[in-house]
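To start, the structure under review is shown below, and the notes come after it.
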Amino acid sequence: MAEYHTLAWVAWLAAAALPALLTRNPYYLALVIMAAAVVYAEQGDRSPAARGWSAFIKLGLILCAFSVPANALFVHYGDVGLFSLPRSWPVVGGRITLEAALFGLGNGLSLLALLLVFAVFNIAVPPAALLRLVPDFLHQAGVTVAIAIAFVPQMIASVQEIREAQQVRGHRFRGLRDLLPLFVPLLASGLERAIQLAESMEARGFGNTQQGALAVRLVIARVASVAGLLGLALGAFVYAYFPGRRAPGAAALVVSVALLLASFWLMGRSVQRSHYRRWLWRRRDTLLALTGGAVTLFILALWILDRPALIYYPYPPLSPWPMFRLEVGVALSLLVLPALLAPERKPVVSEPLSSTIPATDTRHTAAGNQPEEASYGTVRPSAQGPGRPAA
Amino acid sequence: MSTINRWLTGAAIAAASLVGIVAFSYPFYIPRQAGALEITSHAQDAPFLFIALIVLCLGALLGDLGATQGSAKHVAVLGILTAIAAALRTVRVVGFSGIFFLPILGGYVFGPTFGFLLGALSLMVSALMGGGVGPWLPFQMFATGWAGLLSGLLPGARLQRLGRGEPAVLAVWGFALGLIFGAIMNLWFWPFVFAPQQSALNWQPGLALADTLGRYAAFYAVTSLPHDLWRAGGNFLVLLLFGRPLLRLMRRFHQRFHFEVEPVGSAHTLGFVNRSQ
Amino acid sequence: MIELNHVTYTYPALPGGEAEKQRPPLRDLSLRVEEGEFLLVVGPSGSGKSTLLRCLNGLVPHFYGGAFRGRVEVAGRDPVAIGPRGMSDLVGFVFQDPEAQFVVDTVEDELAFAMENLALPQALMRKRVEEVLDQLGIAGLRARRISTLSGGEKQRVAIAAVLTLQPRVLVLDEPTSQLDPQAAEEVLVVLRQLNQDLGLTVILSEHRLERVVQYADSILALSSLGGPVRLGPPSEVLAHLEQTPPLITLGKKLGWQPLPLTIKEGRPFAREIVQRSGDRRGMPSRPGVPPVFAARTVINHAPTPSIPPVAGSSIISVKDLWHRYNGHESLRGVNLEVRPGEFVALMGRNGSGKTTLLKHLVGLLRPGHGEVKVAGLDTRQAAVEEVARRVGYVPQDPGSLLFAETLREELAFTLRSHGLASQNNTEPLLQRLGLGDFAGRDPRDLSGGERQRAALAAILVADPEVILLDEPTRGLDYGQKEALANLLKGEQARGHAIIMATHDVELAASCADRVVMLAEGQVVVDGPTRETMTESLVFSSQVNKLFRDPCFVTVNDVLAYVNH
């Protein structure tokens, strides 16, 4: 699997998640699922997150399988009856229709597609790379998340350590009640560490030093943010509540979003920091980003201009059979792209266990009795020719 | 300046909560459209609109709170408590997940802003580490953030005087929050689940509020009440059994690890006053 | 370069109440440090070393609050006025715990963190990261995740992470106290190199003087509770210190002048002692024969290496034990017999299998192959609780054990867990451990040494037949170590078998009668302390290195010999 830039993956994510969210058409969803599955398989389990996701996907499969009978049993609506259950049975009794089953299928597939698409994204983009996308105005929140991610392995190790320590005192973890001797040391040592971490951060210049002009700018930004949020709430409500007159709501939404973006920009500018990581952008990133962008735009354009092309609704008065449009199918097939561009397979770089032991250790054992520099005082064999012993 | 900033923090939280209420409760107020078939109409835009809304709103709030609460102390404590919350997810004793009670306690002891951040970020980190980033994540973050926020609004000083009653009150509070937020978290995808026809569990736009509520209650009872009861029960027990020692620990830490230090006096004889929050 | 004028500082009073032992104040402190100096700050726990160091970059008082009087100046800047952030490009600060000072999870990002905070341009950052990586010889670690590094590597990364700002002063607060000797050496070598090659001013606080004393240009000795402060050249200050490494203690007791700081400097004095005694006995040292060997024939009757007589059969019996974890064999055919009343020091470098072996002995791990019998129980069959009832295991970090609100409850919890009646035998135990006054205190409020003893008390209260300790002296000062050693010897005298995993050669020399050394999961040495310590290059005590004779392992051996 070739590696891609995070932004290229974001474009792919948008292109793949949008149809999964917007349509219930089983054909289209099946295409998305197939494309994502190919990419998923290509990814393998490179990150610890992969294991978490495989459980999620199993859950998705189960939900998907469950969704068809559930929908068919609960919704007795539609023209094409399959069979009937006795009316006297509560809830499930009545006509079981093809339409309901198909709708359930669409729902299930949509959920599965969504899970798979996000699984691929999560596995392909490690949290650290994702954090590099965090805009400046979210800097503090980004650092908080980075700290948490860096400390989770430590905390999990702590849980194990504490468990053992208490077990050796004769303590047994049988139920909820027995967790106290685990929680208290975990929380206490965590908070102790937090003090030292905070000191270490402050000693290395972390923290906001908003004074004078910056402080004023921040207040302006915050006022804009509050106004934007209020506008957002009002606009969204008006937009959704008065379907006949969209314009005022939409206008309020646009203005609020603009206000918020301006506020983000101002806040971002008052954060004084720079970025160490340079972005490596390769040709394949351009390809993936452009493809993703194009598919996203295409789907959005269909949604706005030609909604029936995407919408699938099996119940009367529409036909229960989904339709298939070639151009949509082609667009969705493009989602398999990340798996196709896999020419250079990097050797799997896993950190060997021994590397956690200081290098000096191995020297002691390997060179126990021999002088370490065997070539000292001799001529290197390569200078004399291969294999010739040094005199 | 600091009074203005404190006031703005409250305003930002209130405004964001308003957006949250509008976004979460849309199934209750979206009207039926005369004539047109809903499915092809713009009514279907609402869920997507609200996902975008919640994301924007979370961004605004995290940015805003970060800018004012971004001292090294805050960030370090938040980061590590978040890590603990995420690590507690790996502790599987009787299927209990520790993601929820820490934001409640954190908010209660360290204040509403801290509670909101802890709740929202815990879920995010947990999702980033263990898988689970998806369109549902912003809703979960927002809801858990609210739990922390509301816990911060409890009258801590008065409850503390209850002594042993304090953890009991918190336990009931945690139980209620567990159920309420279970219900809220399911709300946003309710309209997606079944066809908008017929069944008593289904969402339909434009029903009367009472009717919608009734339908949702039925839907909730069937689909997730058992699971949520289990979770809320876990919260209840953890807070009841461990509330006192954990609170004691966090309070002592809070006293020792003051959040702001302000210089008082002249250059040569400086006093530094601690201002908690 | 650095000047402190009449600095007085007290931590803020806590609303909760009790004075905390870990937060000692400073009283009217004045000192001057020149540019390029290597200053060692010493003193017992609670003497205010950390507080003083934190004055240099403004963490005190900006981070902690409290009342500050006096004036500090570092390279013309006033840390009290501008705070730690303003000092960050001038004073680099490295902390004690390698686990708790990293913000992000990869080495390279960590190095860039400080520079990003100061908004340095990207090109400059990249250049400095490369420079620092090379300077500290950690270029190979650049892409590693910090959680996979060893302790020594972590501390070197922590140093690198502050060096990227090109500070003029490097301040380190006991950076090696959580490390094993080799990792500590890695760190100290780096410090010396930075000091000598770059002229960086280094201010270092440290418990284990024997390793650093030779690098320091001067020593600042603080004493607990605001006693007199000394600042001067190492040999001068050390002559007045109470707690010193064995070599220096010996030198002071025997009046060696000038006071030797290294083994090399001490050798002539040692030779003289041996020679003189040889003369006294009428056996002139033969020319051409190293005096040490000449002396060996003479002093056979001096304190002889001995193992105390042990009665009965083994209480621990390990036969051909193998342990495999993640495809890595951490124990490979270990055999070990320990009898009641024996005190065994388990030594070996990190990753040699010490902790794994201890966990097998208490039943936390079960043999993949082979057999472990402890107090008559086969750990393959017995439950952990059953084994733990007979075997006490004190983990490395006492913090992972202590959770109750008072020490008394902590002990009661152990008794309850073991299903023992809470007899009132806890008071004598606490008295014995010097914790008599702390029964009602919160264990987490105790100082490092007291906390270690509290954890020990929580284990000993069940009266186990075997006591296992994993690195019990991490972060303890000389006084605390000595107290712990005496206490363990007391337990040994009561018939307990003790196995202590440790890197601390001096501690092992002073209290263990037997040393078992592990390497790559195998027992490579097993024998009486005196013999094994003499044969080893790395694992021998300072006094032994000085005399190279199995008769001399501790200071007392020499004193007894001289006074004989």
Side-chain angles (χ1 to χ4, degrees), chain A residues 127-128 131 143 146-147 149-151 153-154 157-158 161-162 164-172 180-186 188-189 192-207 209 272-278 349 351 353-361 364-365, chain C residues 57 59 63 84-85 88 93 95 97 99-106 109 112-122 125 144 146-150 152-153 161-162 182-183 186 326 328 349-351 362 364 384-385 388-389 393 395 397 399-403 414 417-418 444 458-459 519-520:
Chain A
L131 280 175
V143 174
I147 290 172
I149 286 174
F151 274 81
Q154 251 190 55
S158 277
E161 232 167 74
I162 296 167
E164 287 185 353
Q166 303 296 7
Q167 216 182 344
V168 165
R169 280 170 99 179
H171 186 61
R172 274 158 250 217
L180 187 66
L182 177 68
F183 282 177
V184 171
L186 185 67
S189 65
E192 292 292 331
R193 280 180 195 175
I195 297 184
Q196 210 176 90
L197 178 65
E199 281 191 301
S200 149
M201 290 166 71
E202 214 158 291
R204 285 188 284 157
F206 179 86
T209 43
Q272 292 182 312
R273 75 187 291 271
S274 55
H275 298 271
Y276 170 72
R277 290 282 176 177
R278 205 161 33 190
V349 186
E351 277 153 6
L353 242 176
S354 58
S355 65
T356 54
I357 301 165
T360 46
D361 284 355
H364 277 295
T365 52
Chain C
N57 74 337
L59 279 173
F63 194 84
R85 281 189 289 270
S88 58
F93 206 110
F95 298 83
D97 188 354
E99 304 293 329
Q101 47 186 320
F102 297 111
V103 178
V104 283
D105 70 344
T106 59
D109 289 323
F113 177 75
M115 295 189 288
E116 287 182 331
N117 288 332
L118 296 198
L120 299 187
Q122 198 184 55
M125 287 198 271
R144 290 269 295 274
I146 285 171
S147 51
T148 67
L149 302 181
S150 72
E153 288 169 335
V162 301
Q182 278 154 357
E186 287 170 30
N326 272 353
H328 172 74
R349 64 184 77 90
N350 271 358
V362 72
L364 278 174
V384 184
E385 294 80 15
R389 164 73 196 78
Y393 171 76
D397 176 16
S400 61
L401 204 66
L402 304 172
F403 78 99
T414 306
S417 304
H418 282 308
R444 280 181 301 273
I459 296 300
E520 305 283 305

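In what follows, every chain begins at residue 1, and chains take the letters A, B, ... in the order their sequences are listed.
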Counting heavy-atom pairs under 4.5 Å to chain A, which of [options] comes out on top?
options                                    : value
Leu364(C), Leu120(C), Thr106(C), Val104(C) : Leu364(C)
Asp105(C), Val103(C), Val162(C)            : Val103(C)
Ser400(C), Pro395(C), Ala458(C), Ser88(C)  : Ser400(C)
Arg389(C), Gln122(C), Gln101(C)            : Gln122(C)
Leu118(C), Val384(C), Asp397(C)            : Val384(C)

Answer with side chain, backbone, both or neither: which region of [X] has an atom nearer than 4.5 Å to a non-hydrogen atom of chain A?
X         : value
Val362(C) : side chain
Phe102(C) : backbone
Leu402(C) : backbone

Do you know which two heavy atoms are closest between [X] and [Y], and how far apart they sit?
X         : Y         : value
Ser417(C) : Arg169(A) : CB-O, 3.4 Å
Phe151(A) : Glu99(C)  : CE2-O, 3.6 Å
Val184(A) : Phe403(C) : CG1-O, 3.5 Å
Gly399(C) : Pro185(A) : O-CB, 3.4 Å

- Item | Under 4.5 Å from a heavy atom of chain C, the part of Gln154(A) involved |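 For Gln154(A), the side chain is the part near chain C, not the backbone.
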- For Ile149(A), is it the side chain, the backbone, both, or neither that has a heavy atom closer than 4.5 Å to a heavy atom of chain C?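 For Ile149(A), the contact with chain C is made by the side chain alone.
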State the [atom1]-[atom2] distance between [X] and [Y], to the nearest 0.5 angstrom.
X         : Y         : atom1 : atom2 : value
Phe113(C) : Arg273(A) : CZ    : CZ    : 8.0 Å
Asn117(C) : Arg204(A) : CG    : CZ    : 8.0 Å
Met125(C) : Arg277(A) : CE    : CZ    : 11.0 Å
Glu202(A) : Phe63(C)  : CD    : CZ    : 6.0 Å

- Query: Are Glu192(A) and Asp97(C) close enough, and set up right, to give a side-chain contact (heavy atoms from CB on, under 4.5 Å), and what steps lead you there?
  - Reply: CA-CA 11 Å; Glu192(A) 292 292 331; Asp97(C) 188 354; over 6 Å; no
Between chain C and each of [options], count heavy-atom pairs under 4.5 Å; write down the option with the most.
options                                    : answer
Glu164(A), Glu199(A), Glu161(A)            : Glu199(A)
Pro181(A), Ala203(A), Ala188(A), Pro153(A) : Pro181(A)
Ala165(A), Ala150(A), Gly205(A), Ala146(A) : Gly205(A)

- Query: For Ser189(A), which residues count as a side chain to side chain contact (heavy atoms under 4.5 Å, CB included) partner, sequence neighbours excluded?
  - Reply: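 Residues passing side chain to side chain contact (heavy atoms under 4.5 Å, CB included) with Ser189(A): none at all.
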- Message: For Leu401(C), is there any backbone N or O sitting under 3.5 Å from a side-chain donor or acceptor partner on Gln166(A)?
- Response: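 Answer holds: yes.
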